Each structure stands twice: as structure tokens, then as C-alpha cells.
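Beneath this line is the structure, given in C-alpha cells, with notes to follow.
None of these values were measured; they are calculated from a predicted model.
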Amino acid sequence: MCGIVGYCGPRRVVPVILEGLRRLEYRGYDSAGIVYLEGERLVKYRSEGKLSRLEAIIDEAIIAPAHIGLGHTRWATHGAPTTTNAHPHSDCTGNLVVIHNGIIENYHSLREELKNKGHVFASQTDTEVLAHLIEEYLNKDLVAAVKKAVARLEGSFAVGVLWAGMPDTLIAIRNQSPLVLGVSENDGTFLASDIPALLPYTKQVVFMDDMEMAILKADGFEVFSLVTGEPVKKEVKTIDWNAAMAEKSGFKHFMQKEIFEQPQAITNTVSGRINPESGEIVLPEMHLTEDDVQNIDRIFLVACGTSWHAALVAKYWLEKYANIPVEVDIASEFRYRHLLINERVLTVAISQSGETADTLAGIRIAKEMGAKIITICNVVGSTMTRESHGTVYTHAGPEIGVASTKAFTAQLAALFLFTLYLAQKKTTISAEQSMELGRDLIGISTVVERELPRIQQEVQALVERYYDCRDFLFIGRGLNYPIALEGALKLKEISYIHAEGYASGELKHGPIALIDKDMPVLALVPQDEVYQKSISNVEEIKARQGRIILIGTDGDSHLRNITDDIIYMPKVANAMNPILYTIPAQLLAYEIATKRGCDVDQPRNLAKSVTVE
Ligand code: AGP
């Protein structure tokens, strides 16, 4: 989720681009760059780290007599966050530059093809491939060359292109990654990956759609379909957000925005990692050889907090589908335990930030004991990823809210890919089953996207009855037990209500003593392998006047007889229930905390990354 800004018009371009990039700062970034055309010369500045590092090296360029350019802040997905990998990227001549947001899935094969044709690459990014691909097709017609190049791409991309040979034109391409144009009477034409960058200059915007190309000039723009080649008439919309609202794309909080970004986060994490024809799982960044996989006796999953809940879900998947014994440990315990670890124990750290002190300490110990270390992480180049033998990156984009939401469901997606990868290598599942499970994973983001607005409405209708509770129990069985834990953590960390997650079967071993008419219980009861047992647990609660919110399967009318409130969820593959059933739990926590006036994005006492013990 990078920041993209472009401009052509009467204003000096450098200040416009820098201001735009500043307003996309919430999107997070690890490097930044700017390019503009001064006379016939492309001038490019890039730096790693925060935007201020780029501003520090630009100095007199601020007043450069230049009126067309592009800017970019990077959230690394392919290639470490270095100056060399910062955008914009150039072709061999240096006269054509591109900036990009998204993932070009087939960049490896394109890169090899272009290298064989003599192109020389400077970075490890997927983006640079596009610059050389356009160069390969470029004769005198930039538009035609860009069309041919884009037709070769697979994956998601929002792209800006500038060529010294066409000094009055910017080209923008959108496919599965947001791009919006800013239009004005006589102040030029703007391009951005998100609305906040445009607001200082215009509130008149045009949202590009997938497989569209826009040609921007100082006095206006044209949009064409890359599918039909025909011009597309676009509606100009007026934005009535203020800057603060715009940073959250109109949502009230980053957490709410990130809950609704989960379909994209899951899609981006899965994208390019399942071969659509064969169903083969492709995770090259793990650097696991066939021998490494066959050599695995046991897997240790190590994490903290929400990431530990993801590890608990993964245990069920790995043992069921890959037939590998799995131990799960909270990192702060793992690091001080007497560990029975050797080179046959694959140790997997799960961490959104890649900087959590306990988890980092844990993998260092395991590494010293001979274990191979894999990290499931959302931040490219973070400490954990640099100290691991391999990684599986989630592509959730920067998560600003302290309470983890999209990073969690992206971790689940990555862990399911990891499971299928091992199951395929160890042939513990058939090719057909693997294909089916891969399709289930690919499809779950569509289900989440479709259901989110309805679940939000149904949760909002419940909040009045539950927001002032002092305690809450969350229960689930099997794959949904970790989701009960996660729901309890979400509620307690942002609303400050005491909440506990329990395995449903554990109620009778003590917690049922808490049940009375004042104790609300959220029970996860999908029609899965342990459904009947879960129903029995709910009936035990009902018999003691407990207040129940049931999350169950569409059409299960029996549930209405044993609950006070219910939210129905569509039937999906049981393996996908942890991803789907997380949504109502997240939204309940969010709506209750909001109703209680809590600081949802920055809860008291919490930090986004716990880099100390
Ligand atoms: C998430 O909602 C919590 N804020 C917290 O438990 C978090 O999951 C934990 O600190 C681990 O962080 P990490 O994933 O960055 O390692």
C-alpha cells in the first residue's frame, strides 16, 4: 500500500508532490522518491526511511522551474527498503520512469526475458520490470508502448509513467490498486493513490476503475479502457471530507478502515502464491529445500498476542493437512523455557511488526540450537525477517490501529498457504484436495467483502444492549477456540471491558460459575465437526440465564431457540471459518469501544510494537 502522487500544470511540481506525499504518510512507508522534468532532463531524488529524509536532500529543487512529475512512498513487498529499491524506477536510458503500487506477480519471468534482451536491472523490485518492458515496446508512441507492456502484466498495479520524450504527459494505469485523479479549471491535473494528497488543491476527483488508462495533461485528462481501447466517460465527484477524515478514507478510525481493508489484505497476501492451473503453492522467500521439508520432525510456532492466536489456528491446520506435530508457545514463555529444539524442529515466528522483543529473542535462541527459522511478517526488512532463514510476508499494508485486525487475517491467509505448501511437499493431501483448499482460500476474501457491511449493521444493532457490560466471555471450539481468544483480546484492549476467551468445552471446568443474567457470552457456533458439542455448551449457559450472542451458520434456525441475539454467517469451508468468524468479533469490539468513547486507535497503556520485554 504505497503512496503515489503525480502532477502536471502551472504550479511548481516539487512542492505539490511533497505535500501530497506528506498527506499519504499514514499509509506508512520505508523509502520515498520524486522525479520531475526540468527542460528535457528527468531529475530524480530517492531515499530510504521517512519522507523527511527525502525532503532533506531535495533543498533547492523545491523552486525548480518544473511543472510535471511523480512522487512515491514505498511500503516494501519485493526487495528490502533501500534507496536502490525506492521508486521511481527507470529504464536503461534513464529517460523513462515509473512508480507503482501493488504486486506484479509474473515479474520474475518478465525480468529474465528482458535480461536476455540486454536490459540491465538496478533493483530487486517487481516495479523496475515495468520500466524496461515499456522501453522494450517504446518506439515513438508512449501510449501504445504502455498498453503493450501492461497487457503482459499479471497481478495488481496502480502505475504512474513519465517519459522525457513526451514532456507534457503523465500516464496512469489502474488495476486492482486504487488511483484517483484530481481535476481543476486552470490549476493543472493531479494523480494520487488516495484522496488526502489531492485535497490541498482540489475536491473535484475522478476515481479510476480497473484496467483503465488515464492520460494527464496540464489542461485536462482522458481515460481509456485497456480492455476495449475505447474512451471511457468518467464522472467527476466532489469530496466533502476534511483532511483528517480523508486520511481514514471517510472511516471514523484507522481500526474501522483496517477492518474493512481485510478483503484486500487477504487478496494481496494470497495473490501470486497459488498457481491457478496446478494449485501449486509458491513461497520462494521461505528458502526451504525439499530436504529441509522432509527433515521436519516438528514445528514450533512462536508469537505474542494476536499473532499467538494466529499460531493457535495454524496448529489445527498444520496437524490436519500437513500431518506435522506442532507446538505453539507464547514467546515470553518460549524464550525462558527449557527448549527441546534441534535442526529437525522448524521454528516459525509470527509477527505483524517483526520487532516484538520476546518473539525476536525466541527465534535467536532457536537459531542457536540449530533450528531453521521462518518468519510470517507484515514488514519487509524488519529485524525478525533479517534474522530468519526465510519469510512469508503478509501484504496487509501498514496497520496503524494498535489493535491488530487486517494483519491478523492476513497472517491466517499466509499460514494457510504455508500449511498447503508443506502438505503438497509431503504429499499428505491429494492434488484435488489441495486445489479445493486453495480455491477456498482464494474465495474467502470475496465472502468477507460481501458480508462486512451487513455484519457491521447487525453488530451496531446489538451494541446498545452490551456496551456497558463489565465482563464478557468468548467461547469457541476447535479452529474457533483461538478466535474466541482473539475476540476477547480485541474487546479488552480497546474498550477496557474485562473479557476472557475460553474453549467451549472448558466451561464446566470452572468458568460456568461466572454465568448469570449479567454475564454476556459470545459463542462461535458454525456447523462444523464440533457443532453438536458447541450447541450443548450454549444450552448449559442458557439454562443458567446467561446472555448469549451466537455467531452461527446461515439457515440454522435451531439457534434462535437457544440465544438472545444472533448473527448469521454464510456457510464456507470449515477451514476458512477462523477468517470469517473473526469479523463479527472485531466489529463487536470496535462498536462497543466507540460507544464507550474509548480511544480506539491508540488504547491506553498499549504500543503498536512491543520492542521491549
Ligand atoms: C494486537 O491486537 C495486540 N495489540 C498485540 O497483542 C500484538 O498482537 C502483539 O503485541 C504482537 O505483535 P506483533 O504481531 O507485531 O509481534
Side-chain angles (χ1 to χ4, degrees), residues 1-6 14-15 17-36 42-62 64 69-91 94 97-104 107 111 120-132 157-160 162 177 192-194 197 268 285 351-355 360 375 377-388 391 393-400 608-609 611:
M1 198 158 88
C2 307
I4 284 181
V5 178
V14 174
I17 287 180
L18 290 180
E19 178 57 29
L21 293 180
R22 280 185 211 108
R23 289 167 179 266
L24 298 181
E25 201 158 355
Y26 70 89
R27 296 168 73 92
Y29 52 80
D30 42 50
S31 52
I34 184 171
V35 62
Y36 56 87
L42 278 180
V43 179
K44 192 162 80 170
Y45 291 89
R46 298 183 296 171
S47 78
E48 60 189 74
K50 292 200 172 299
L51 185 59
S52 54
R53 299 267 294 275
L54 178 69
E55 291 171 315
I57 62 172
I58 281 191
D59 57 316
E60 85 281 351
I62 287 286
L70 295 166
H72 186 271
T73 55
R74 183 168 180 247
W75 178 265
T77 55
H78 295 77
T82 60
T83 302
T84 311
N85 288 331
H87 302 208
H89 289 288
S90 306
D91 68 344
V97 288
V98 301
I99 58 174
H100 165 233
N101 181 23
I103 296 170
I104 299 174
Y107 80 99
R111 185 187 175 103
V120 177
F121 286 83
S123 78
Q124 302 131 334
T125 64
D126 54 340
T127 305
E128 189 186 354
V129 167
L130 178 54
H132 293 280
F157 37 91
V159 172
L162 174 58
S177 195
S193 49
D194 205 355
N268 288 349
E285 298 163 319
S351 175
Q352 182 278 131
S353 63
E355 303 298 344
L360 183 58
T375 292
C377 188
N378 197 45
V379 182
V380 174
S382 56
T383 305
M384 258 179 248
T385 63
R386 282 184 280 110
E387 298 194 15
S388 300
T391 54
Y393 282 115
T394 52
H395 295 146
E399 187 174 66
I400 312 300
K608 184 57 187 170
S609 178
T611 55

Looking at [atom1] of [X] and [atom2] of [Y], how far apart are the two atoms once the value is rounded to the nearest 0.5 Å?
X: N101; Y: I4; atom1: CG; atom2: CD1; value: 5.0 Å
X: T82; Y: R46; atom1: OG1; atom2: CZ; value: 8.0 Å
X: H72; Y: I17; atom1: NE2; atom2: CD1; value: 12.5 Å
X: N378; Y: Q352; atom1: CG; atom2: CD; value: 5.0 Å
X: I103; Y: F157; atom1: CD1; atom2: CZ; value: 12.0 Å

Identify the heavy atoms of [X] and [Y] that sit nearest to each other, and give their distance.
X: L42; Y: G94; answer: CD1-O, 3.6 Å
X: A197; Y: A192; answer: CB-CB, 3.8 Å
X: L21; Y: G3; answer: CD2-O, 4.2 Å
X: V5; Y: G20; answer: CG2-C, 3.7 Å
X: I57; Y: Y45; answer: O-CE2, 3.5 Å
X: A32; Y: A86; answer: O-CB, 3.9 Å

Heavy-atom side-chain proximity of [X] to [Y] below 4.5 angstrom:
X: W75; Y: V379; result: yes
X: K608; Y: S353; result: no
X: E48; Y: D30; result: no
X: L54; Y: L18; result: yes
X: M384; Y: S351; result: yes
X: P88; Y: L70; result: no

Review point. If we ignore angles and hydrogens, is there a donor and acceptor under 3.5 Å between the side chains of S382 and E355?
Key: no

Exercise for review: Give a yes or no on whether the backbone of S47 and the side-chain of S31 come within a donor-acceptor separation of less than 3.5 Å.
Suggested key: no

Result block: side-chain N/O donor-acceptor pairs under 3.5 angstrom for residues 120-127, not counting sequence neighbours:
{"residue": "S123", "atom": "OG", "partner": "T125", "partner atom": "N", "Å": "3.1"}
{"residue": "S123", "atom": "OG", "partner": "T125", "partner atom": "OG1", "Å": "2.8"}
{"residue": "S123", "atom": "OG", "partner": "E128", "partner atom": "OE1", "Å": "2.7"}
{"residue": "Q124", "atom": "OE1", "partner": "N85", "partner atom": "ND2", "Å": "2.4"}
{"residue": "T125", "atom": "OG1", "partner": "E128", "partner atom": "N", "Å": "3.2"}
{"residue": "D126", "atom": "OD2", "partner": "I104", "partner atom": "N", "Å": "3.0"}
{"residue": "T127", "atom": "OG1", "partner": "H87", "partner atom": "NE2", "Å": "3.3"}
{"residue": "T127", "atom": "OG1", "partner": "H100", "partner atom": "ND1", "Å": "2.8"}

Practice item. Give the intermediate values and the outcome of side chain to side chain contact (heavy atoms under 4.5 Å, CB included) for residues V97 and Y36. Key: CA-CA 10 Å; V97 288; Y36 56 87; over 6 Å; no

Practice item. Could you list all the salt bridge (charged side-chain N to carboxylate O under 4.0 Å, His left out) pairs where at least one residue sits in residues 50-59, not counting sequence neighbours? Key: R22-E55

